[in-house]
Amino acid sequence: MGKKIDQYYVTKALQLYLEGLTYREIERILGISHVSVMNWVKKYNIQKVQNLDFHPTYKILSQNELGNYFSLPENTKGSGMIVTELGDKFMVIKWERFKE
């Protein structure tokens with residue numbers, strides 16, 4: 001049996017999965033095995049909504065970088081986004097339309 005993972009990371013991994021990130025992207029961001037994330041998705045029967053018109057991009061920013069990011073209008077126009085805490089940093093997940 002593997003080491004016990006804090007429920008915070010299980011929740012963050014499932015949130016990121018629902019936001020459209022791949023198992024490997026979640027592994028790189030949280031430092032948790034993509035196999036663990038896959039197992040949690042199965043365990044909790046998480047169903048991702050397929051949307052082929054948009055794709056997520058993400059950035060990891062410090063608090064100062066986050067303020068600078070939002071101060072530029074081109075970063076906030078034409079897409080939806082969420083910001084979530086990630087340890088001592090923040091993750092901005094932004095949905096952009098695929099270019100035709």
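What you are looking at is a predicted structure, and each value in this text was computed from that prediction instead of being measured. Computed from heavy atoms alone, side chains included, the values below leave out hydrogens, waters and symmetry copies.
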Check the hydrophobic clustering (I, L, V, M, F, W, Y; side-chain heavy atoms under 4.5 Å; chains of links allowed) and say if [X] and [Y] are grouped together.
{"X": "V41", "Y": "I93", "value": "yes"}
{"X": "M81", "Y": "M91", "value": "no"}
{"X": "L16", "Y": "V92", "value": "no"}

So, taking the atom named CD in Q15 and the one named CG in L21, what distance separates them when rounded to the nearest 0.5 Å? 11.5 Å
Separation between OG1 of T22 and CD1 of I29, rounded to the nearest 0.5 Å: 8.0 Å
Test: ring-ring contact (aromatic ring centres under 6.0 Å, His included). Region: residues 21-45. Which pairs qualify, not counting sequence neighbours? Y17-Y23
Take K12 and T84 through the test side chain to side chain contact (heavy atoms under 4.5 Å, CB included) and record every step on the way to the result. CA-CA 9 Å; K12 284 292 177 192; T84 185; 2.3 Å; yes
Heavy-atom side-chain contact between [X] and [Y] under 4.5 Å:
{"X": "E25", "Y": "Y58", "value": "yes"}
{"X": "Q63", "Y": "L66", "value": "no"}
{"X": "I32", "Y": "V10", "value": "no"}

Looking only at heavy atoms, which two atoms of [X] and [Y] are closest? And how far apart?
{"X": "I5", "Y": "Y9", "result": "CG2-CB, 3.8 Å"}
{"X": "I60", "Y": "K89", "result": "CG2-CD, 3.8 Å"}
{"X": "I82", "Y": "E19", "result": "CD1-OE2, 3.4 Å"}
{"X": "F90", "Y": "E85", "result": "CD2-CA, 4.1 Å"}
{"X": "V37", "Y": "A13", "result": "CG2-CB, 4.0 Å"}

Listed once per pair and sorted, the salt bridge (Lys or Arg N to Asp or Glu O under 4.0 Å) pairs that draw on residues 55-80, sequence neighbours left out: none
